[in-house]
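Following: one structure in structure tokens, then a few remarks.
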Amino acid sequence: MIIPVLNEEAVIGACLTQFCDVEDVELIVVDGGSADDTQRVVAARDGAQWVQVAKAGRALQMNAGAERATGDVFLFLHADTFLPSDGLMLIRDSLRVPGVVGGRFRLGLSEKTIGFRLVAFLSTLRSRYLGITYGDQGIYVRRDTFNAVGGFPSLQLFEDSEFCSRVAREGKFVMLNARVCSSTRRWREWGFVRTVVEMWVLRILYTFSVSDVTLSRWYR
């Protein structure tokens, strides 16, 4: 379990707690330079490993976590995302199928309003039919496949979707018939309509080869 964080003291405790009774799972939290009490919260959780990197960047952080991990399967999870109760079992079962190299969950959101339900539904369709998958769906992959694609690409934006596209070329990249529950706090912070529109605009520009450095600057 590899969880990239940056100033996540408000949510990382609950994220780790969902695995408190789970055996044989490494919990690796990779920090990109938090200025809050994220490290203190992680330190209070038995078994959680803390990895510090020089600068923030999810690709850099997740690659650093994979380097520390000792297992044969990596699950990359956002600090504000929760797996379904049988999520780890579903992951293990899917990897028993010949040819499966990794996968992701359907997207679920913490608020059940019509707008957020529509976002979750369309995001799942986008991932299934367009192959565009983001980290809030919970991404897992075999270690050997991760190594074969060179880990997450050194991008500042859309590193997760680019990684998933590369993994899918190595074998079957499945979508599990279960939903994660990801927080809607970003939408609430930035504005629902604005967030949806801006992410699609950025995605279209990325498709037309606009530099990820430029897109990242606009995003921030």
* **Minimal non-hydrogen separation, Gly108 against Ala120, with atom names** => CA-CB, 4.4 Å
* **Matching residue for Val30 among Val5, Val51, Leu6 - test: side chain to side chain contact (heavy atoms under 4.5 Å, CB included)** => Val51
* Should Phe146 and Asn63 be marked as a side-chain contact (heavy atoms from CB on, under 4.5 Å) after you check the CA-CA gap, both sets of side-chain angles, and the distance that decides it? -> CA-CA 9 Å; Phe146 180 90; Asn63 287 340; 3.3 Å; yes
* Asked: Which pair of non-hydrogen atoms, one from Phe163 and one from Gly151, has the smallest distance, and what is that distance?
  -> CD1-O, 3.5 Å
* Would you name the heavy atoms of Arg68 and Ile28 that are closest together and state the gap between them? => CG-CD1, 4.0 Å
* Structure fact -> Rounding to 0.5 Å, atoms CD (Gln156) and CG (Leu60) come to a distance of 11.0 Å
* Could you give the distance from CD (Gln61) to CD1 (Ile3), rounded to the nearest 0.5 Å? -> 12.0 Å
* Name all residues meeting the side-chain contact (heavy atoms from CB on, under 4.5 Å) criterion together with Ser123; count only those two or more places apart in sequence or in a different chain, and write none if there are none. => Leu107, Val119, Arg126
* To do: To the nearest 0.5 angstrom, please state how far the OG atom of Ser183 sits from the CZ atom of Arg186.
  => 8.0 Å
* To do: Would you confirm whether Glu26, through its side chain, and Thr70, through its main-chain N or O, come within 3.5 Å as a donor-acceptor pair?
  => yes
* Other cluster members, Tyr129 - Ile/Leu/Val/Met/Phe/Trp/Tyr, side-chain contacts below 4.5 Å -> Leu118, Phe121, Leu122, Leu125
* To do: Might you point out which heavy atoms bring Thr133 and Phe173 nearest each other, and give the distance in Å?
  => OG1-CE2, 4.2 Å
* salt bridge (Lys or Arg N to Asp or Glu O under 4.0 Å) partners for Glu67, two or more places apart -> none
* To do: Would you check, one step at a time, whether the test side-chain contact (heavy atoms from CB on, under 4.5 Å) holds for Val196 with Trp187?
  => CA-CA 8 Å; Val196 172; Trp187 281 275; 3.8 Å; yes
* Roughly how far, to the nearest 0.5 Å, is CZ of Arg188 from CZ of Phe116? -> 4.5 Å
* Can you pull the salt bridge (charged side-chain N to carboxylate O under 4.0 Å, His left out) pairs that have at least one residue in residues 152-170, sequence neighbours excluded? -> Glu162-Arg166
* Which atoms form the tightest heavy-atom contact between Gly102 and Leu95, and what is the distance? -> N-CD2, 4.2 Å
* Any side-chain donor near an acceptor of the partner, Ser34 and Gln39, under 3.5 Å -> no
* Asked: Could you give all pairs that pass the salt bridge (charged side-chain N to carboxylate O under 4.0 Å, His left out) test and reach residues 28-40, with sequence neighbours left out?
  -> Asp37-Arg40
* Nearest 0.5 Å, what's the OG-CG distance between Ser161 and Leu130? -> 11.5 Å
* Taking the side chain as every heavy atom from C-beta outward, state whether Leu176 and Ile91 have any pair of such atoms under 4.5 Å apart. => yes
* Option among Val41, Val42, Asp46, Val11 that satisfies the side chain to side chain contact (heavy atoms under 4.5 Å, CB included) test with Leu16 -> Val42
* To do: State the CE-OH distance between Met199 and Tyr134, to the nearest 0.5 angstrom.
  => 5.0 Å
* **Main-chain N/O of Ala69 paired with Arg143 side-chain donor or acceptor, under 3.5 Å** => yes
* **Thr184 side chain to Ser110 backbone, donor-acceptor under 3.5 Å** => no
* Asked: Considering only heavy atoms from C-beta outward, does the side chain of Met175 approach that of Gln137 to under 4.5 Å?
  -> yes
* Looking only at heavy atoms, which two atoms of Leu109 and Lys112 are closest? And how far apart? -> O-NZ, 2.9 Å
Please tabulate, for the side chains in residues 72-83, all donor-acceptor contacts under 3.5 angstrom to protein atoms that are two or more places apart in sequence or on a different chain.
unit_1, atom_1, unit_2, atom_2, d
Asp80, OD2, Arg185, NE, 2.8
Asp80, OD2, Arg185, NH2, 3.3
Thr81, OG1, Ser182, OG, 2.9

